[in-house]
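Every chain is numbered from 1 and lettered A, B, ... according to where its sequence line falls, protein lines coming before strand lines.
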There are 2 protein chains.
Amino acid sequence: MRQKPEPIERCLCDVIHEDVVNQVKDKMPEEETLYDLAELFKVFGDSTRIKILWALDEAEMCVCDIAALLNMTQSAISHQLRVLKQAQLVKNRKEGKVVYYSLDDDHVKQIFDQGLTHINED
Amino acid sequence: MRQKPEPIERCLCDVIHEDVVNQVKDKMPEEETLYDLAELFKVFGDSTRIKILWALDEAEMCVCDIAALLNMTQSAISHQLRVLKQAQLVKNRKEGKVVYYSLDDDHVKQIFDQGLTHINED
DNA sequence: TGAACATATGAATAATTGTTCATATAATAT
DNA sequence: ATATTATATGAACAATTATTCATATGTTCA
């Protein structure tokens with residue numbers, strides 16, 4: 001998070017396990033792919049956004065509806081909808097003054113379900 | 001994130017859409033469930049941890065192996081492994097001085113895949 | 001045109017968080 | 001015992017972020 005890759009300490013394991021480490025290194029996806037993946041999950045990593053997504057999976061709603069539902073300010077919701085939009089998880093349509101938001105991704109529910117499966121384990 | 005639920009502004013939509021909002025409200029899962037879900041995704045929302053999980057999905061590795069693989073300090077990795085352990089995503093076994101970490105969850109790869117599917121869209 | 005309403009947005013702030021540094025703990029070998 | 005190695009951990013710091021507040025934008029209606 002802080003800064004870019006840095007000098008490094010070595011230990012004996014690195015020699016002993018060199019083969020395994022190199023094999024894994026070869027199999028690792030692109031740095032950028034993993035970064036994007038983390039960025040996506042970061043969007044899911046906030047309970048306000050989770051609630052918004054969950055709500056929008058039930059029904060299309062306008063900004064102030066969501067604010068009322070979650071008992072939060074319009075501004076806070078609007079800021080979060082912006083984040084969700086940038087992540088292409090929600091889309092919107094304008095009807096007069098009112099902007100209706102809905103899910104823009106079929107996998108949202110599936111990602112939730114995988115998460116819930118983990119939580120509900122043991 | 002900051003503090004607890006707060007007073008709220010109302011708008012006309014709340015009256016017009018009252019039924020929809022109430023229906024959604026009834027269907028929403030427990031507050032705690034959604035919070036836990038967000039906490040779980042928060043763990044996935046860091047590229048260092050994503051890399052660690054990805055690596056461990058390929059092979060069991062010790063702390064300094066992971067540090068070497070990712071070109072990061074042992075301390076940074078150790079801190080992150082702690083987070084992953086608390087989320088019950090990894091487990092470890094001790095062999096002398098060396099601590100080997102491995103995945104403790106079958107769904108990690110599936111959660112990754114759902115995320116990747118989203119990223120690779122459009 | 002002006003008032004009212006719905007939404008968006010920029011700046012400020014408080015809280016959270018990832019990494020570093022120093023050091024502690026634990027195991028092994030000499 | 002002592003030195004060495006592998007890992008864990010607490011404090012500190014910098015960076016990020018969610019919400020609030022004030023205000024701007026855009027739409028409708030009188």
Side-chain angles (χ1 to χ4, degrees), chain A residues 1-17 21 35 38-39 41-52 61-68 70-87 90 92-101, chain B residues 1-17 35 38-39 41-52 61-68 70-87 90-101:
Chain A
M1 178 207 198
R2 216 95 326 266
Q3 50 247 58
K4 286 288 123 192
E6 273 288 312
I8 214 64
E9 327 135 23
R10 292 275 153 191
C11 67
L12 292 183
C13 298
D14 295 348
V15 181
I16 300 165
H17 302 144
V21 173
Y35 180 82
E39 288 302 303
F41 286 125
K42 207 171 281 180
V43 176
F44 284 92
D46 175 81
S47 56
T48 298
R49 287 191 293 264
I50 287 277
K51 287 176 196 167
I52 294 176
M61 294 172 84
C62 73
V63 181
C64 70
D65 286 341
I66 303 173
L70 305 186
N71 197 40
M72 293 180 63
T73 65
Q74 173 269 320
S75 180
I77 299 299
S78 194
H79 278 295
Q80 294 298 6
L81 284 168
R82 191 171 199 264
V83 174
L84 292 170
K85 187 123 190 291
Q86 279 172 339
V90 304
N92 58 17
R93 73 185 173 84
K94 207 166 184 177
E95 197 170 291
K97 292 177 284 194
V98 183
V99 180
Y100 291 94
Y101 281 83
Chain B
M1 180 208 196
R2 217 99 325 268
Q3 48 248 56
K4 286 289 123 191
E6 273 287 314
I8 213 65
E9 328 135 23
R10 291 276 152 190
C11 67
L12 292 182
C13 298
D14 294 349
V15 181
I16 300 165
H17 302 145
Y35 180 82
E39 288 303 302
F41 287 124
K42 208 172 281 181
V43 175
F44 285 91
D46 174 80
S47 56
T48 299
R49 288 191 293 265
I50 287 276
K51 287 177 197 167
I52 294 175
M61 294 171 85
C62 73
V63 180
C64 69
D65 286 340
I66 302 173
L70 304 185
N71 198 38
M72 293 179 65
T73 65
Q74 172 269 319
S75 180
I77 300 299
S78 195
H79 278 295
Q80 296 296 8
L81 284 169
R82 191 171 198 264
V83 175
L84 293 169
K85 187 121 189 291
Q86 280 171 338
V90 305
K91 59 179 189 283
N92 58 17
R93 71 184 173 85
K94 208 163 185 179
E95 197 171 291
K97 293 176 283 193
V98 183
V99 180
Y100 291 93
Y101 281 83

Using a cut-off of 4.0 Å on non-hydrogen atoms, how would the nucleic acid contact of L12(A) be classed: base, sugar-phosphate, or nothing?
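Sugar-phosphate, backbone atoms only, no base.
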Students often get this wrong, so: under 4.0 angstrom with heavy atoms, is K42(A) touching a base, only sugar-phosphate, or nothing?
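Sugar-phosphate only.
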Tell me the interatomic distance from [X], atom [atom1], to [N], atom [atom2], rounded to whole angstroms.
X      : N       : atom1 : atom2 : result
F44(B) : dT17(C) : CZ    : P     : 16 Å
M61(A) : dA6(C)  : CE    : P     : 15 Å
Y35(A) : dT16(D) : OH    : P     : 9 Å
R82(B) : dG18(C) : CZ    : P     : 13 Å
K51(A) : dT19(D) : NZ    : P     : 9 Å
I52(B) : dG18(C) : CD1   : C1'   : 11 Å
R93(A) : dT7(C)  : CZ    : P     : 12 Å
H17(A) : dT7(D)  : NE2   : P     : 9 Å

What's touching nucleotides 21-30 of chain C from the protein side, N or O pairs under 3.5 Å?
| from | atom 1 | to | atom 2 | distance (Å) |
| --- | --- | --- | --- | --- |
| dC21(C) | N4 | S75(B) | OG | 2.7 |

Output the distance between atom OG1 (T48(A)) and atom NE2 (H79(A)), rounded to the nearest 0.5 Å.
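Answer rounded to 0.5 Å: 12.5 Å.
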If I take atom CD1 from residue I77(A) and atom CE from residue M72(A), how far apart are they, to the nearest 0.5 angstrom?
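Output value for this atom pair is 4.5 Å.
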Residues forming a disulfide (SG to SG under 2.5 Å) with C64(A), sequence neighbours excluded:
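Listed in chain order: C11(B).
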All ring pair (Phe, Tyr, Trp, His ring centres under 6.0 Å) counterparts of Y100(B), not counting sequence neighbours:
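Checked Y100(B) against ring pair (Phe, Tyr, Trp, His ring centres under 6.0 Å); matches are H17(A).
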The criterion is side-chain contact (heavy atoms from CB on, under 4.5 Å); which residues satisfy it with K85(B), sequence neighbours excluded?
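In terms of side-chain contact (heavy atoms from CB on, under 4.5 Å), with neighbours along the sequence ignored, K85(B) is linked to V90(B), N92(B), Y101(B).
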Residues which pass side-chain contact (heavy atoms from CB on, under 4.5 Å) with K94(A), listed by chain and number, not counting sequence neighbours:
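With sequence neighbours excluded, K94(A) shows a side-chain contact (heavy atoms from CB on, under 4.5 Å) to V99(A), given in chain and number order.
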Tell me whether the side-chain N/O atoms of Y101(B) come closer than 4.0 Å to OP1 or OP2 in dA8(D).
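Yes, within the criterion.
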Hey, does the side chain of T48(B) come within less than 4.0 Å of dT19(C)'s phosphate (OP1/OP2), counting only N and O?
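The answer is yes; a side-chain N or O of T48(B) sits under 4.0 Å from OP1 or OP2.
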Closest to side chain of V98(A), choosing from dT7(C), dA18(D), dA8(C):
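Ranking dT7(C), dA18(D), dA8(C) by closest atom to the V98(A) side chain puts dT7(C) first.
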M72(B) side-chain proximity, nearest of dA18(D), dT19(C), dT7(D):
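The closest nucleotide is dT19(C).
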So do D46(B) and Q80(B) actually touch side chain to side chain, heavy atoms under 4.5 Å?
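Side-chain contact under 4.5 Å: yes.
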